[in-house]
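Take a look at the structure below.
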Number of protein chains: 2
Amino acid sequence: MATVNQPRQQTKRPLRADAERTVRTILEAAERVLAANPAATMEQVAEAAGVARTTVHRRFATREALLDELTGWAARQFAEAVDSARPDATPPLVALYQVTANVLRVKTSWSFAMNRTFDEAHSEAARIHAEIQVRCVQLLRRAREAGVLRPDADLDWTRRVYYALIHEATAETDDGDADALATKVVDTLLRGFGSPAGAAAVHA
Amino acid sequence: MATVNQPRQQTKRPLRADAERTVRTILEAAERVLAANPAATMEQVAEAAGVARTTVHRRFATREALLDELTGWAARQFAEAVDSARPDATPPLVALYQVTANVLRVKTSWSFAMNRTFDEAHSEAARIHAEIQVRCVQLLRRAREAGVLRPDADLDWTRRVYYALIHEATAETDDGDADALATKVVDTLLRGFGSPAGAAAVHA
DNA sequence: AATAACCGCGACGTATATGTTGCAAGTAGA
DNA sequence: TCTACTTGCAACATATACGTCGCGGTTATT
C-alpha cells in the first residue's frame with residue numbers, strides 16, 4: 001500500500017517577523033518569475049526569492065496555495081486602488097481618470113496575479129474581481145447618465161474595452177507615469193482614433 | 001551510460017490520404033483542447049482527436065513540433081484572411097472593415113494558435129505575424145492620411161488597441177456574424193464611447 | 001541567556017508527461 | 001489481389017516537478 005503524498009496542511013499561527021518577510025519576498029519573486037513564465041517551477045520561484053525550495057513549501061503547502069495567496073493579495077491591492085479613488089463620490093469623468101491611474105499603478109507590478117483566470121468561483125480573488133466589475137459598470141452607468149458616454153453605449157462592451165485598454169497600457173514600453181497613461185486610456189476610450197470629420201471620409 | 005530519449009525525427013515524405021486526414025484531425029483537436037487549457041497534455045489532445053497517443057507522436061515528433069505546426073497553420077490562415085481583403089487596394093475605411101471581418105472569422109476558430117507567444121523569433125509564425133503587423137500599420141497610416149483617423153493618432157498605440165478590440169470581440173458571448181462584430185470593432189476604434197458633446201460634460 | 005522558531009541542505013518518495021519500440025490488425029491504392 | 005502504409009495497444013525508459021522529512025546551525029524574541 002503506497003503512502004500517498006498529501007500536502008502538509010499549513011497551520012495559520014502568527015509568524016515571526018523574519019518569516020513574515022520571507023513570505024513577502026517569496027510572493028514578490030513569484031510575481032516576477034510567473035509574469036515572465038506562467039509555467040515556472042517552484043525551484044525557479046525559490047531561486048528568484050533567494051531561498052531554498054523547501055522553504056517555499058514550508059510557507060505554502062502546495063503550488064496552488066501559493067498561487068491563491070498571490071492572486072488574493074493582488075486582488076486586495078486592486079480593490080484598494082479602486083476604493084481610494086472614491087468612484088461613487090466624485091464626478092464620473094474625474095473618477096474614471098482617478099481609478100484608471102490607481103489601477104495602472106498596481107497592475108504594472110502585478111500583471112501575473114491580476115490576469116490569472118479564476119477557475120474556482122469561490123476563491124476570494126474571484127469574488128473581489130466580480131465586485132469590482134460591478135462597481136465599474138456602475139461608474140460607467142453614471143458616466144452615461146451624466147452625458148460623458150453616449151446614451152446608446154453598451155456598458156458591458158464598454159467595460160471590456162476599458163479593461164483591455166488598461167491591460168494594453170501596462171505593456172507600454174516607455175512606461176511613463178500612471179497619470180499620463182491614464183489620460184491616454186480614458187482619452188482613447190472616449191474619443192477613439194477617428195477624426196471628428198471622420199464620417200465624411202466614407203464618401204471621399 | 002544512460003540511453004537518452006531523443007525525439008525521433010519526422011521524415012517529410014508525402015502522407016497517404018487517411019494519414020493526412022489524421023493530421024488535420026489532431027491539429028483541430030489540439031486547437032480546441034489547448035484553447036480551453038493551454039497546459040493540456042498530449043493524451044488529452046489524442047483523446048479529443050479520437051486517436052491513440054502514440055499516433056500523435058507518430059505525426060509530431062515532439063510537443064513543440066505539434067505546437068509549431070499549429071501556430072504555423074493558424075498564421076497562414078491569418079495571412080490569407082488579411083490578403084483576401086486587399087488592404088492595399090481599397091479605400092482605407094473599407095479595407096478596415098473587410099480585414100476586421102475576415103480576421104475575426106479565423107480568429108474565433110484559432111484563438112489558441114493565434115495568441116501563442118512566439119519565443120523563437122525565427123519561427124515561420126513569428127515572421128508572418130510580424131509582416132502582418134507592418135501591413136496593419138501601413139493601412140492605419142493610409143487611413144490617417146485619408147482623414148479617417150485623426151492627424152495626431154499614434155499609429156503604434158492605435159494598432160495595439162485595434163488588436164485588443166479584435167481579441168475582445170472574439171470573446172463575445174452572443175457571437176453574431178463576423179460582419180456585425182467587425183462593425184462594432186471599427187466603430188469603437190474610430191468613435192470610442194464618449195458622447196459628441198462629451199468635453200462639455202467636464203464642466204457640468 | 002534560554003527557548004522556540006526559522007532556514008538551508010540533502011535525501012527520499014511519488015506522480016505524471018514525454019517519447020520510444022515492436023507487433024498485430026486493418027485499410028488505401030496500384 | 002497484393003503491398004505498403006497506417007493505426008491501436010501494451011510496455012518500457014526517462015525526465016522533471018511536487019511534496020515530505022529530519023537534522024544542524026542560526027536568529028528573533030522573551
Side-chain angles (χ1 to χ4, degrees), chain A residues 1-30 33-34 36-70 112 116 119, chain B residues 1-30 33-34 36-70 112 116 119:
Chain A
M1 177 178 178
T3 57
V4 179
N5 249 355
Q6 283 199 346
R8 162 166 53 178
Q9 59 191 1
Q10 224 71 17
T11 50
K12 256 283 175 87
R13 73 172 177 308
L15 298 177
R16 225 169 64 178
D18 53 350
E20 200 89 46
R21 263 195 306 273
T22 303
V23 170
R24 297 179 79 93
T25 306
I26 292 173
L27 284 174
E28 287 162 6
V33 171
L34 292 170
N37 170 22
T41 164
M42 290 286 164
E43 186 102 40
Q44 293 170 271
V45 171
E47 188 185 2
V51 302
R53 186 173 69 89
T54 46
T55 299
V56 178
H57 276 108
R58 245 194 287 266
R59 294 304 160 206
F60 304 94
T62 76
R63 186 179 213 271
E64 270 306 298
L66 170 59
L67 280 277
D68 287 353
E69 202 61 41
L70 190 57
F112 169 78
R116 187 157 134 66
D119 307 325
Chain B
M1 175 181 181
T3 57
V4 179
N5 247 356
Q6 285 199 346
R8 163 167 52 177
Q9 59 190 1
Q10 224 70 18
T11 50
K12 257 281 174 89
R13 74 175 176 314
L15 298 176
R16 224 170 62 179
D18 53 350
E20 200 88 47
R21 262 195 306 274
T22 303
V23 169
R24 298 179 78 93
T25 305
I26 292 173
L27 285 175
E28 287 162 6
V33 172
L34 292 170
N37 169 23
T41 163
M42 294 297 220
E43 186 100 38
Q44 294 171 269
V45 171
E47 189 185 0
V51 302
R53 187 174 66 90
T54 46
T55 300
V56 178
H57 276 109
R58 246 193 288 266
R59 294 304 161 206
F60 305 94
T62 74
R63 188 180 211 273
E64 269 305 298
L66 170 60
L67 279 277
D68 286 353
E69 202 61 42
L70 190 58
F112 170 78
R116 188 160 132 67
D119 307 326

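Since this is a predicted model, take the numbers as computed values, not measurements.
Rounding to whole angstrom units, CZ of residue B:Arg63 and C1' of D:dA15 are separated by 15 Å. Atom-to-atom, CG of B:Leu15 to C1' of D:dA4 comes out at 14 Å; the value is rounded to the nearest Å. Rounded to a whole Å, the NE2 atom of A:His57 is 17 Å from the C1' atom of D:dG22. Remark: P of D:dA17 and CG of A:Leu34 are 14 Å apart, rounded to the nearest angstrom. Here the P atom of nucleotide C:dG19 and the CD atom of B:Glu64 are 9 Å apart, to the nearest Å. Remark: C1' of D:dA4 and CG of B:Asp18 are 12 Å apart, rounded to the nearest angstrom. Between A:Phe60 atom CZ and D:dA17 atom C1' the separation is 18 Å, expressed in whole Å. Rounded to whole Å, the distance from CD on A:Glu20 to P on D:dT29 is 11 Å.
Each of B:Arg21 and B:Ala40 has a nearest nucleotide on DNA chain C; the 5'-most of these lies closest to B:Ala40. Positionally, the nearest nucleotide of DNA chain D for B:Arg16 lies more toward the 5' end than for the other of B:Arg16 and B:Val51.
Considering only the side chain of B:Ala52, D:dG8 comes nearest among D:dG19, D:dG8, D:dT29. Of the candidates D:dC18, D:dT7, C:dC6, D:dC18 carries the atom nearest the A:Thr41 side chain, counting heavy atoms from C-beta on. For B:Ala17, counting side-chain heavy atoms from C-beta on, the closest listed nucleotide (C:dC7, D:dG19, C:dG29) is C:dG29.
Between B:His57 atom NE2 and B:Leu66 atom CG the span is 9.0 Å, to the nearest 0.5 Å. Note that OG1 of B:Thr62 is 6.5 Å distant from CE of B:Met42, once rounded to the nearest 0.5 Å. Put simply, CG on A:Leu67 and CG on A:Leu34 are 6.5 Å apart, with the number rounded to the nearest 0.5 Å.
OP1 or OP2 of C:dC6 has not a single side-chain nitrogen or oxygen of A:Thr55 nearer than 4.0 Å. For A:Thr22, a side-chain nitrogen or oxygen approaches OP1 or OP2 of C:dC7 to under 4.0 Å.
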- Message: side-chain contact (heavy atoms from CB on, under 4.5 Å), that's the test. Do A:Val51 and A:Thr25 meet it? Break it down for me.
- Response: CA-CA 9 Å; A:Val51 302; A:Thr25 306; 5.5 Å; no
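For C:dG10, the base has no donor-acceptor partner in the side chain of A:Arg53 [N/O atoms by modelled type, under 3.5 angstrom]. Interface remark: the A:Thr54 side chain does form a donor-acceptor pair with the C:dC9 base, using a distance-only criterion of under 3.5 Å.
Distance alone, capped at 3.5 Å, is enough to place a donor-acceptor pair between the A:Gln44 side chain and the A:Thr41 backbone.
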